[in-house]
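Note that these values count all heavy atoms, side chains included, but never hydrogens, waters or copies made by symmetry. Every chain is numbered from 1, with letters handed out A, B, ... down the list of sequences.
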There are 2 protein chains.
Amino acid sequence: MARPSTAAETPDLADESYDLAEQVGFIMRQAAQRHVSIFNEIMGADLTPTQWAVLARLYQDGGSSQNLLGRQTAMDAATIKGVVDRLLKRKLVQTKPDPEDGRRLIVELSPAGVDYTRELLPKAETVTKVTLAPLATNQRATLIALLKQLR
Amino acid sequence: MARPSTAAETPDLADESYDLAEQVGFIMRQAAQRHVSIFNEIMGADLTPTQWAVLARLYQDGGSSQNLLGRQTAMDAATIKGVVDRLLKRKLVQTKPDPEDGRRLIVELSPAGVDYTRELLPKAETVTKVTLAPLATNQRATLIALLKQLR
DNA sequence: GAAATATCGTTCGTATACGAACGAGGACCA
DNA sequence: TGGTCCTCGTTCGTATACGAACGATATTTC
């Protein structure tokens with residue numbers, strides 16, 4: 001570790017081992033950035049990864065309450081609200097009150113949303129393929145298995 | 001894949017293989033979220049991962065121009081500006097014009113920033129340790145090696 | 001049945017993240 | 001010298017991300 005330009009003292013020898021470029025968090029952030037970049041190129045700039053996650057989840061399993069949908073797509077209540085609002089504005093999604101629970105708002109794909117999602121599915125598969133392209137086949141499974149343990 | 005609640009038609013059989021929960025991007029986002037959560041717990045809510053990246057980079061290698069600093073910490077010009085501005089407000093960082101290039105703004109740690117960074121280094125190491133805790137030792141090296149290939 | 005507790009959706013504030021556009025300064029070449 | 005192209009820092013707009021607080025509704029507990 002080099003000495004900081006404005007440091008009067010020498011860094012602790014015990015911490016010489018810390019190298020930002022070798023920390024998982026930093027490397028993971030870069031890998032995620034590359035993935036998002038690939039996503040934007042292939043899927044088009046009009047849909048974000050989180051918006052796609054919501055569409056794909058609704059397509060796979062049908063409607064659910066907004067907060068549950070957020071949990072299923074790894075977003076907290078505040079975040080999922082914004083995502084749903086933007087999908088609502090594009091009429092890819094529709095909402096209705098839950099007759100069984102006055103607190104809940106059921107979110108589901110609109111018919112247009114179903115078509116839209118189905119058309120994008122092949123592209124979404126391509127995103128994963130391109131993201132994993134630098135890895136050998138067996139490495140891809142390894143990476144995914146390891147990442148799953150870090151959730 | 002289940003049928004979407006509002007779909008009149010059946011999804012294409014060719015796309016039945018797509019499962020959001022198995023896509024690298026989705027899993028990686030969750031792993032990154034857990035990491036940030038660990039970071040916030042250990043480092044305290046008053047410093048973000050990107051801010052730490054800037055401090056650590058400056059501590060390791062000394063000052064540099066703002067844009068170069070952004071490249072070294074994986075942020076574009078617009079993002080690094082905001083991060084530097086917030087660190088400036090806290091006086092952890094200081095800037096000066098580059099005498100050799102009128103376009104450049106040199107960013108470096110303030111003396112207080114050096115102390116602050118040095119004090120946080122052990123905690124930063126802990127963040128990485130806790131993040132990787134679910135993995136066996138040899139798995140950690142594997143994960144990092146694979147992630148590096150995806151940058 | 002009423003009180004304590006939990007969940008749901010909403011709003012606010014702050015911090016990345018980045019595309020796009022802009023003016024100022026620098027490098028290069030004819 | 002002048003023109004072209006590149007880089008630098010800045011600003012704007014949009015979209016996550018999430019802590020915190022809030023009122024409304026459900027559930028639990030006694």
Side-chain angles (χ1 to χ4, degrees), chain A residues 25-26 28-41 43-55 63-90 92 95-107, chain B residues 25-26 28-41 43-55 64-90 95-107:
Chain A
F26 186 67
M28 198 161 47
R29 185 159 66 87
Q30 290 177 284
Q33 284 176 352
R34 171 173 166 274
H35 166 74
V36 173
S37 168
I38 290 169
F39 181 99
N40 289 333
E41 272 180 33
M43 302 286 277
D46 54 336
L47 197 74
T48 65
T50 36
Q51 288 171 6
W52 169 249
V54 168
L55 295 182
S64 68
S65 77
Q66 186 173 279
N67 276 9
L68 177 58
L69 180 61
R71 268 175 250 127
Q72 292 169 339
T73 52
M75 292 174 233
D76 75 351
T79 301
I80 188 66
K81 188 194 186 322
V83 175
V84 167
D85 282 351
R86 285 180 281 275
L87 293 174
L88 272 175
K89 203 186 302 179
R90 293 179 60 185
L92 296 174
T95 60
K96 62 182 180 190
D98 185 337
E100 293 175 9
D101 190 332
R103 299 167 302 176
R104 290 205 176 104
L105 186 68
I106 293 181
V107 183
Chain B
F26 186 66
M28 198 160 46
R29 186 159 65 86
Q30 291 176 283
Q33 284 175 353
R34 170 173 167 275
H35 166 72
V36 173
S37 167
I38 291 168
F39 181 98
N40 288 334
E41 271 180 34
M43 303 286 277
D46 53 337
L47 197 74
T48 65
T50 35
Q51 289 171 5
W52 169 250
V54 168
L55 295 182
S64 69
S65 78
Q66 186 173 280
N67 276 9
L68 176 58
L69 180 61
R71 268 176 250 126
Q72 292 168 340
T73 52
M75 293 174 232
D76 75 352
T79 302
I80 189 67
K81 188 193 186 320
V83 175
V84 167
D85 281 352
R86 285 180 281 273
L87 292 175
L88 271 175
K89 203 187 301 180
R90 293 178 59 184
T95 61
K96 61 183 180 189
D98 185 337
E100 293 175 8
D101 190 332
R103 299 167 302 176
R104 291 204 176 105
L105 186 67
I106 294 181
V107 183

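- Qualifying side chain to side chain contact (heavy atoms under 4.5 Å, CB included) partners for A:Gln51, counting only residues two or more places apart in sequence or in other chains: A:Leu47, A:Thr48, A:Val83, A:Arg86, A:Leu87, A:Arg90.
- As a whole-Å value, the separation of B:Phe39 CZ from D:dC18 P is 15 Å.
- Take B:Arg104 and apply the side-chain hydrogen bond (donor to acceptor under 3.5 Å, both in side chains) test, not counting sequence neighbours, and it matches B:Asp101.
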message = Could you go through A:Asp85 and A:Lys89, starting from their C-alpha distance and side-chain angles, then the distance that decides it, and tell me whether this counts as salt bridge (charged side-chain N to carboxylate O under 4.0 Å, His left out)?
response = CA-CA 6 Å; A:Asp85 282 351; A:Lys89 203 186 302 179; over 6 Å; no
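- Judged as a side-chain hydrogen bond (donor to acceptor under 3.5 Å, both in side chains), the pairs with a partner in residues 66-78 of chain B (not counting sequence neighbours) are, in order, B:Asp76-B:Thr79.
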remark   = Contact string for nucleotides 6-17 of chain C, one letter per nucleotide 5' to 3', B = base within protein heavy-atom range under 4.0 Å, S = sugar-phosphate only, - = neither, reads BBSBBB---SBB
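- In terms of the side-chain hydrogen bond (donor to acceptor under 3.5 Å, both in side chains) criterion, A:Arg34 has no residue partners (sequence neighbours excluded).
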